[in-house]
Asks: 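For reference, the structure I am asking about is given below.
The residues of the chain are indexed from 1 along the displayed sequence. Counting starts at 1 for both ligands and their atoms, in listed order. Every value quoted in this text rests on a predicted model; they were computed, and no experiment measured them.
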Amino acid sequence: MPTPRVVVLGGGLSGMAAAYTLARAGWDRVTVVERGPELGGLAGTFETGGHFYPLAYHHILHRDRGLLYFLDAIGALPDVRWRKISMLFQLDGRMYDLAHPVDFLRFPMSLVDKLRFVRLMLRCFRKSDWSDWNHRSAADLIDEWGGPGVRRAIFDPLTRLKFNKPCHAVSGAWLGARLHFREGSAPLGYIPGTNWTKVLCEGVAGLLASASVQVRLSTSVSGLVAEGDRVTRVELDTGERLAADVVVSTVPTEVYQQLLADPRPDLDHVRYTAVVSAIFATKQRVTPNFYWMNLASRDCTASGIFMLNALNPTIGAPGETCLNLMTHVPHRGDTFFQQSDDEILAGYRADFQRVFGFELEPFWTQVNRLAMYAPVFDRGYENPPLRDAVFRNVYGAGNYRTFPSIASTGTALSSGVETAAAVLADHGGTTDLPAQIGRYRLASMPRG
Ligand SMILES: Cc1cc2nc3c(=O)[nH]c(=O)nc-3n(C[C@H](O)[C@H](O)[C@H](O)COP(=O)(O)OP(=O)(O)OC[C@H]3O[C@@H](n4cnc5c(N)ncnc54)[C@H](O)[C@@H]3O)c2cc1C
């Protein structure tokens, strides 16, 4: 008996993982349709002068099991190096490294609140399951485990940078899960000599090729044709129609809704934020040495500055300082997102001058606009169900389903695997991949 014909919408990491899981289980009629010229989506890469750069900063998290599993599966894990980075908080013209005792003591917050902040962080590092906070706000979490002073001094500025909202409007489960990943305090991973997301995307693309998954690049899905409660054909912008027994949608829900003939109010609560990211390459030396700087003062157009070579000293050409200034934008319709490249670059150069006191002189720049980055994780956010509410043979995966965990490469991969496991289960099949990822542990963390 032939296996079902599967069409996977979108070739980001969740689509690739879903396709791979099905093909690994013996399904031999799986097609991935990707709008871009390469697989990878948000984890994509661009090239300048023979060197490769991420569209925006990307680091490997030591607790991101889905990512670690796939890096291992493609043979890249032994190449990963780990580095403790410095994360700075820029406030009212001063920079603070909260992991550094002297900076921590001079940070404008009372001593009692500093002790409460430490207690809060320790509790969050230890807690891995945040489902009991799903319906409570980040303000509830910080006020209960830290205190309102901690929230006002540190977390309200951070949630404003990320979602343009104060802590009381943001999910407590999301913030707790984010702190559990210890992005600011645990070592972060990279692969020397390259951009690691390129290695990951090419490696997973290699797994798809060896499992005989069909990949259609530079092809957009333009519509879905339904008969009763099943989607039977996937329409492409080339005019073709692919017959489908199963559809796995990994495109953002806002894109999925546009593919359907009828409105889908059950998905209306998923509203995507956008990101503007500009990479600057310069020969100038930038001090202090930091990887990640949160611009909390609200007088900058950027939300953060990343010095990419502070994590990966081999990124780009020798002697190059590679900076990524980026802004979380509440929606792609906002005026900032619509600005020209020149306007965005001028704003970021003014930010740089304000923060470092001298003019940035890049020898190349690249602006990337990421229209649908991740949903806004409001208090009460709920993942849409994995099985579509209307069509019996349509399944969903992607970073709109990974709440409360962070939106990362690893959670996207895991989401694709989880959805494919459900597809298999509905057709009498099984896969051991979710269990393998669930028990995956790093054996060692070689330092860079
Ligand atoms: C600024 C930024 C920083 C990040 N930092 C990190 C980090 O440090 N570490 C980390 O692990 N993760 C990081 N991430 C997160 C990670 O990159 C994403 O969560 C992950 O790549 C999402 O994968 P996905 O497959 O769910 O979504 P996507 O990558 O969005 O994939 C969806 C795919 O669908 C395609 N598509 C859309 N419409 C159509 C259509 N009509 N037809 C065909 N194809 C279509 C898109 O082109 C895209 O390839 C970061 C992301 C961003 C944006």
Side-chain angles (χ1 to χ4, degrees), residues 7-19 31-45 54-68 70-71 85 162 178 181 183 188-190 195-197 200-201 204-205 215-224 234-238 242 248-259 272-279 291-292 303-304 306 308 311-312 324-329 368-375 396-403 405-417 419:
V7 182
V8 178
L9 317 183
L13 289 169
S14 48
M16 287 198 266
T31 303
V32 176
V33 183
E34 166 54 40
R35 182 181 59 182
E38 283 171 6
L39 294 170
L42 295 172
T45 297
L55 301 177
Y57 72 92
H58 267 76
H59 41 259
I60 302 172
L61 294 158
H62 77 301
R63 288 184 162 162
D64 206 3
R65 286 195 194 143
L67 171 60
L68 300 171
F70 272 94
L71 285 171
I85 53 101
K162 179 88 180 168
R178 180 107 202 219
F181 270 81
E183 258 178 309
L188 301 180
Y190 67 99
N195 163 36
W196 68 268
T197 61
L200 174 69
C201 293
V204 181
V215 177
R216 299 285 306 264
L217 296 175
S218 304
T219 307
S220 282
V221 176
S222 53
L224 299 175
V234 174
E235 294 180 325
L236 308 183
D237 62 354
T238 55
L242 302 182
V248 179
S249 175
T250 72
V251 296
T253 51
E254 291 181 17
V255 175
Y256 175 65
Q257 283 170 298
Q258 288 161 11
L259 301 175
Y272 284 81
T273 60
V275 163
V276 174
S277 158
I279 310 280
Y291 170 61
W292 184 331
S303 320
F306 293 78
L308 301 185
L311 172 64
N312 179 357
N324 177 204
L325 278 81
M326 54 79 63
T327 309
H328 291 285
V329 186
N368 299 310
R369 288 179 187 72
L370 308 172
M372 284 177 251
Y373 158 46
N399 63 18
Y400 60 91
R401 288 210 70 259
T402 61
F403 173 85
S405 198
I406 59 166
S408 74
T409 50
T411 54
L413 287 160
S414 297
S415 168
V417 169
T419 296

Asks: Do any heavy atoms of Leu9 fall under 4.0 Å from ligand 1?
Replies: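 Leu9 does not count as a contact of ligand 1 under the 4.0 Å cut-off.
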
Asks: Which atoms of ligand 1 sit under 4.0 Å from any heavy atom of Ser408?
Replies: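 What qualifies from ligand 1 is 10 (C), 11 (O), 12 (N), 15 (C), 16 (C), 19 (O).
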
Asks: In terms of residue, atom name and distance, what is the protein heavy atom nearest to atom 9 (N) of ligand 1?
Replies: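 Heavy-atom neighbour on the protein nearest atom 9 (N) of ligand 1: His59 O, 2.9 Å.
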
Asks: Please identify which atoms of ligand 1 are closer than 4.0 Å to at least one heavy atom of Thr219.
Replies: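 Taking each heavy atom of Thr219 in turn, ligand 1 has 43 (C) under 4.0 Å.
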
Asks: Report, in ascending order of atom number, the atoms of ligand 1 lying under 4.0 Å from any heavy atom of Ala412.
Replies: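 Matching atoms, with element in brackets: 20 (C), 22 (C), 23 (O), 26 (O).
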
Asks: Please report the shortest heavy-atom distance between Ala43 and Thr409, naming the atom on each side.
Replies: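 Smallest heavy-atom distance, with atoms named: CB-CG2, 4.2 Å.
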
Asks: If you measure from CD1 on Ile85 to OH on Tyr190, what distance do you get to the nearest 0.5 Å?
Replies: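 Here the interatomic distance stands at 13.0 Å.
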
Asks: Answer yes or no: does an N/O atom from Met326 fall short of 3.5 Å to an N/O atom of ligand 1?
Replies: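 No; the residue has no nitrogen or oxygen that sits under 3.5 Å from a nitrogen or oxygen of the ligand.
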
Asks: Using a strict 4.0 Å cut-off to heavy atoms of Asn399, name the atoms of ligand 1 that fall inside it.
Replies: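 Ligand 1 atoms under the 4.0 Å threshold to Asn399: 19 (O), 22 (C), 26 (O).
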
Asks: Please report which non-hydrogen protein atom sits nearest to atom 31 (O) of ligand 1, along with the residue it belongs to and the distance in Å to one decimal place.
Replies: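 The answer is Gly12 CA, 3.5 Å.
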
Asks: For Gly41, take its heavy atoms, then give the atoms of ligand 1 lying under 4.0 Å from any of them.
Replies: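 Under 4.0 Å from Gly41, ligand 1 has these atoms: 29 (O), 48 (C), 49 (O).
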
Asks: At a 4.0 Å threshold, what atoms of ligand 1 neighbour a non-hydrogen atom of Thr250?
Replies: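 Atoms satisfying the 4.0 Å criterion: 32 (C).
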
Asks: Could you pull out, from Phe306, Phe181, Tyr400, Tyr57, the option with a heavy atom nearest to atom 5 (N) of ligand 1?
Replies: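 Result: the heavy atom closest to atom 5 (N) of ligand 1 is in Tyr57.
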
Asks: In terms of residue, atom name and distance, what is the protein heavy atom nearest to atom 24 (P) of ligand 1?
Replies: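 Ranking protein heavy atoms by distance from atom 24 (P) of ligand 1, first comes Ser14 OG, 3.3 Å.
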
Asks: Any side-chain donor paired with an acceptor under 3.5 Å for Thr402 and Ser405?
Replies: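 Thr402 vs Ser405: no donor-acceptor pair found between side chains.
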
Asks: Nearest 0.5 Å, please: how far is CG in Leu55 from OG1 in Thr197?
Replies: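 CG of Leu55 is found 7.5 Å from OG1 of Thr197.
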
Asks: Identify the heavy atoms of His58 and Trp196 that sit nearest to each other, and give their distance.
Replies: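 His58 and Trp196 have their closest heavy atoms at O-NE1, 2.9 Å.
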
Asks: For atom 29 (O) of ligand 1, grab the closest protein heavy atom and report residue, atom and distance to one decimal in Å.
Replies: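 Minimum-distance protein heavy atom for atom 29 (O) of ligand 1 reads Leu42 N, 2.8 Å.
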
Asks: Could you check whether atom CD of Glu38 has more than 12 heavy atoms from other residues, nucleotides or ligands sitting under 6.0 Å from it?
Replies: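 At most 12 heavy atoms, drawn from other residues, nucleotides or ligands, come within 6.0 Å of this atom.
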
Asks: To the nearest 0.5 Å, what is the distance between OG1 (Thr411) and CG (Leu13)?
Replies: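 Thr411 atom OG1 to Leu13 atom CG measures 9.5 Å (nearest 0.5 Å).
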
Asks: Going by the order shown, which atoms of ligand 1 are within less than 4.0 Å of some heavy atom of Val251?
Replies: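 Near Val251, the atoms of ligand 1 are 34 (O), 36 (N), 37 (C), 38 (N), 39 (C), 45 (C).
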
Asks: Any idea which protein heavy atom is nearest atom 34 (O) of ligand 1, and the distance to it?
Replies: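 It is Gly10 CA, 3.4 Å.
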
Asks: Out of Thr238, Val32, Leu242, which one pairs with Thr219 under the side chain to side chain contact (heavy atoms under 4.5 Å, CB included) rule?
Replies: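 Single pass found, and it is Thr238.
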
Asks: If I take atom CG from residue Leu224 and atom CG from residue Leu259, how far apart are they, to the nearest 0.5 angstrom?
Replies: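 Nearest 0.5 Å value for the CG-CG distance: 5.0 Å.
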
Asks: Checking a contact table here: which protein heavy atom is nearest atom 40 (C) of ligand 1, and how many Å away?
Replies: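 The closest one turns out to be Val221 N, 3.7 Å.
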
Asks: Counting heavy atoms only, which of Val255, Leu311, Thr409, Asn324 is nearest atom 12 (N) of ligand 1?
Replies: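 Closest candidate by heavy-atom distance is Thr409.
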
Asks: Are Tyr291 and His59, when compared by the centres of their aromatic rings, separated by less than 6.0 Å?
Replies: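 Yes, the ring of Tyr291 comes within the 6.0 Å limit of the ring of His59, centre to centre.
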
Asks: Please state which protein non-hydrogen atom is closest to atom 53 (C) of ligand 1 and give its distance, to 0.1 Å?
Replies: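 Nearest neighbour among protein heavy atoms for atom 53 (C) of ligand 1, to 0.1 Å: Tyr373 CD1, 3.1 Å.
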
Asks: Quick check: Glu183 and ligand 1, any N/O pair under 3.5 Å apart?
Replies: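 In fact, backbone or side chain, Glu183 has no N or O that close.
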
Asks: Just by distance, no angles: are the side chains of Ser415 and Asn399 close enough, under 3.5 Å, to form a donor-acceptor pair?
Replies: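 There is no such pair between these side chains.
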
Asks: Considering all heavy atoms of both residues, which atom of Thr419 and which atom of Ala397 are nearest to each other, and what is their separation?
Replies: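 Of all heavy-atom pairs spanning Thr419 and Ala397, the closest is OG1-CB, 3.4 Å.
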
Asks: Need the ligand 1 atom indices (1-based, order shown) with element for anything under 4.0 Å from a heavy-atom of Ala56.
Replies: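 Contacts of ligand 1 toward Ala56, numbered from 1: 1 (C).
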
Asks: Is the shortest distance from a heavy atom of Ala407 to ligand 1 less than 4.0 Å?
Replies: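 Contact present.
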
Asks: Between Arg35, Glu34, His58, flag the one that comes closest to atom 6 (C) of ligand 1 by a heavy atom.
Replies: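 Considering heavy atoms of Arg35, Glu34, His58, the nearest to atom 6 (C) of ligand 1 sits in His58.
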
Asks: Once rounded to the nearest 0.5 Å, what's the spacing between atom OG of Ser249 and atom OH of Tyr400?
Replies: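 The OH atom of Tyr400 is 5.0 Å from OG of Ser249, to the nearest 0.5 Å.
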
Asks: Quick one: does ligand 1 sit under 4.0 Å from the side chain of Leu370, the backbone, both or neither, non-hydrogen atoms only?
Replies: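 For Leu370, the contact with ligand 1 is made by the side chain alone.
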
Asks: Which distance, rounded to the nearest 0.5 Å, do you find between the CZ of Arg178 and the OG of Ser408?
Replies: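 Spacing of CZ (Arg178) from OG (Ser408) equals 10.0 Å.
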
